[in-house]
Amino acid sequence: MAENNQILDVQNVHMRFNSKGVIVKAVTDVSFTVDVGETIGIVGESGCGKTTLGRCIVRAYEASEGSVIYTASDGEKIDFQKIDKKTMKKYRKEIQMIFQDPYSSLDPRMTVLDIIKEPLDANFPKMPKAEKEQRVMDIAAKVGLNTAYLKRYPHAFSGGQRQRIGIARALVLNPRIIVCDEAVSALDVSIQAQVINLLHDLQKEFGLTYLFISHDLSVVEYISDKVGVMYLGKLVEFAPTMDLFTKPLHPYTESLLSAVPVADPTVKMERIPLEGEIPNPANPPTGCYFHTRCRYCTEKCKQEAPEYVEQEPGHYVACHRAQELKLRGFSYE
């Protein structure tokens with residue numbers, strides 16, 4: 001898409017935590033762009049930095065380095081990492097987050113009405129109470145909640161209903177971007193499908209842009225326009241969904257896709273198991289971070305970190321042997 005349709009530009013974001021004098025590199029040099037109305041999927045193993053990246057983007061964490069440039073509806077570009085907290089509050093309502101756990105992310109001492117209304121209280125303190133409550137009722141109905149039950153507490157709702165409450169809370173400020181952090185991973189499969197379809201419908205109705213963080217490749221394939229693959233805090237591949245799922249150019253992506261179950265007993269996939277353990281982010285390996293588990297590893301991989309480059313239009317990868325993988329081919333149905 002054209003640059004003037006860009007809503008988010010994440011550039012060279014790093015996030016380091018100091019744990020008792022030990023520096024843990026949770027996110028390292030991540031860059032990608034998001035266009036208006038797109039859904040960007042971010043996938044990878046547990047602990048790869050997906051959630052940390054999402055929290056840096058909404059500035060729940062202050063990134064150690066890099067920039068997150070948001071393009072407002074009037075065309076103004078704002079770097080979330082450079083503005084002060086007071087200015088950030090002005091834009092906070094335009095980028096919201098749905099949290100992974102629908103149990104711990106809702107205050108058990110508040111009614112559902114108050115939970116959904118809380119962002120309005122924080123951002124529009126002068127708005128009349130009746131107007132706030134009507135806004136809550138409208139949004140609750142949109143996400144499939146029975147408005148007769150809004151005076152109840154979270155414990156009275158199922159997991160799927162609680163996640164709908166979390167979605168309503170994110171929507172009540174009428175945001176432009178929503179970061180969905182494992183928004184369906186804690187739900188049963190049938191409820192997952194309902195919530196994913198709900199997110200699709202809401203995106204069409206409100207013109208939302210999603211950053212969808214997940215470890216479930218089947219869900220990501222269904223909902224995303226583009227997908228980024230993270231490993232040990234780095235973005236190793238980023239491409240349009242169809243390109244990434246049919247012709248991955250990074251060995252890690254290839255291995256992840258080979259493990260996805262295929263709903264056809266006559267199809268036999270070549271499984272590519274990963275050997276060894278994920279390296280310690282406090283002491284990552286030299287060269288390519290993935291070389292300790294890669295079956296294509298060479299001496300160059302052990303010594304020299306690969307550049308993150310565009311191998312095909314819109315298809316970025318950080319791998320010394322990406323061209324060889326392109327020629328070798330990969331089948332994912």
Side-chain angles (χ1 to χ4, degrees), residues 1-11 13 30-43 50 53-59 67-80 90-99 119 135 138-139 142-144 163-164 166-184 192-214 216-230 235 237-245 310 312-316:
M1 292 188 181
E3 186 178 345
N4 60 7
N5 203 38
Q6 196 177 95
I7 191 170
L8 204 62
D9 184 7
V10 179
Q11 289 295 329
V13 167
V30 170
S31 299
F32 62 92
T33 60
V34 186
D35 288 333
V36 174
E38 275 192 330
T39 299
I40 303 296
I42 301 292
V43 300
K50 305 186 298 294
L53 175 63
R55 288 174 180 251
C56 287
I57 289 171
V58 301
R59 201 173 159 181
S67 59
V68 178
I69 300 171
Y70 167 69
T71 304
S73 52
D74 61 1
E76 182 184 2
K77 294 184 181 293
I78 305 98
D79 188 346
F80 284 165
K90 174 184 173 183
Y91 297 101
R92 181 77 67 190
K93 58 183 176 291
E94 299 194 21
I95 179 166
Q96 291 289 299
M97 193 165 189
I98 300 171
F99 296 95
R135 172 70 177 162
D138 293 343
I139 289 297
K142 290 282 187 188
V143 303
Q163 198 59 290
R164 289 174 190 267
I167 293 170
R169 178 175 59 186
L171 278 174
V172 77
L173 290 174
N174 195 26
R176 299 179 69 214
I177 305 173
I178 296 182
V179 176
C180 306
D181 180 18
E182 302 271 15
V184 298
Q192 280 188 10
Q194 293 176 21
V195 173
I196 290 167
N197 288 331
L198 171 64
L199 291 171
H200 254 312
D201 294 342
L202 293 170
Q203 184 173 37
K204 291 178 182 177
E205 183 172 353
F206 295 105
L208 297 169
T209 301
Y210 290 143
L211 183 68
F212 194 88
I213 297 167
S214 180
D216 190 327
L217 285 163
S218 300
V219 171
V220 168
E221 181 186 19
Y222 175 73
I223 200 171
S224 303
D225 299 303
K226 297 176 183 175
V227 180
V229 180
M230 288 189 70
L235 197 62
E237 188 163 7
F238 185 86
T241 302
M242 185 60 68
D243 287 352
L244 186 129
F245 276 77
E310 188 174 21
E312 293 182 351
H315 196 147
Y316 296 83

If you compare all heavy atoms of [X] against all heavy atoms of [Y], which two are closest, and at what distance to 0.1 Å?
X    : Y    : result
L244 : A239 : CB-CB, 4.1 Å
D79  : S67  : OD2-CB, 3.1 Å
F212 : V220 : CD2-CG2, 4.4 Å
C56  : V13  : CB-CG1, 4.4 Å
A72  : I78  : CB-CD1, 3.9 Å

Taking the side chain as C-beta and beyond, is there a heavy-atom pair between [X] and [Y] under 4.5 Å?
X    : Y    : result
E310 : H315 : no
L198 : R164 : yes
D216 : Q192 : yes
F80  : V10  : no
K142 : E205 : yes
V229 : F238 : no

Exercise for review: From the options I95, D35, T209, I69, select the one residue that forms a side-chain contact (heavy atoms from CB on, under 4.5 Å) with I7.
Suggested key: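 Single pass found, and it is T209.
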Review point. Could you state the interatomic distance from CD1 (I42) to CG (L235), rounded to the nearest 0.5 Å?
Key: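 The distance works out to 6.0 Å.
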**Study point:** NZ-CE distance between K226 and M242, expressed to the nearest 0.5 angstrom
**Key:**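 Nearest 0.5 Å value for the NZ-CE distance: 15.0 Å.
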Practice item. Apply side-chain contact (heavy atoms from CB on, under 4.5 Å) to V227 and V43, showing your working. Key: CA-CA 7 Å; V227 180; V43 300; 4.1 Å; yes
Without swapping roles, check the side chain of [X] against the backbone of [Y] for a donor-acceptor pair under 3.5 Å.
X    : Y    : answer
T241 : S224 : yes
Y210 : L199 : yes
D9   : T33  : no
Q163 : A183 : yes
Q96  : R92  : yes

**Study point:** Aromatic ring proximity, centroids under 6.0 angstrom, Y222 and H200
**Key:**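 Here the rings of Y222 and H200 have centres that are less than 6.0 Å from each other.
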Practice item. Assess whether side-chain contact (heavy atoms from CB on, under 4.5 Å) is satisfied between I40 and D225, documenting all intermediate values. Key: CA-CA 6 Å; I40 303 296; D225 299 303; 5.7 Å; no
Review point. Where do R59 and Y91 land on the side-chain contact (heavy atoms from CB on, under 4.5 Å) test, with the steps shown first?
Key: CA-CA 11 Å; R59 201 173 159 181; Y91 297 101; over 6 Å; no
Exercise for review: Not counting sequence neighbours, which residues clear side chain to side chain donor-acceptor pair (under 3.5 Å) with Q203? List them please.
Suggested key: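 Only T39 meet the side chain to side chain donor-acceptor pair (under 3.5 Å) criterion with Q203.
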Exercise for review: List the steps and the verdict of side-chain contact (heavy atoms from CB on, under 4.5 Å) for V30 and M230.
Suggested key: CA-CA 9 Å; V30 170; M230 288 189 70; 4.2 Å; yes
For residues 166-181, tabulate all N or O donor-acceptor pairs below 3.5 Å that involve a side-chain atom, not counting sequence neighbours.
from	atom 1	to	atom 2	distance (Å)
R169	NH1	S105	O	3.0
R169	NH2	S105	O	3.2
R176	NH1	Y70	OH	2.9
R176	NH1	T71	O	2.9
D181	OD1	T51	OG1	2.9
D181	OD2	T51	OG1	3.3

Point to revise | Atom NZ of K93: over 12 foreign heavy atoms under 6.0 Å | key: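 Counting other residues, nucleotides and ligands, NZ of K93 exceeds 12 neighbours.
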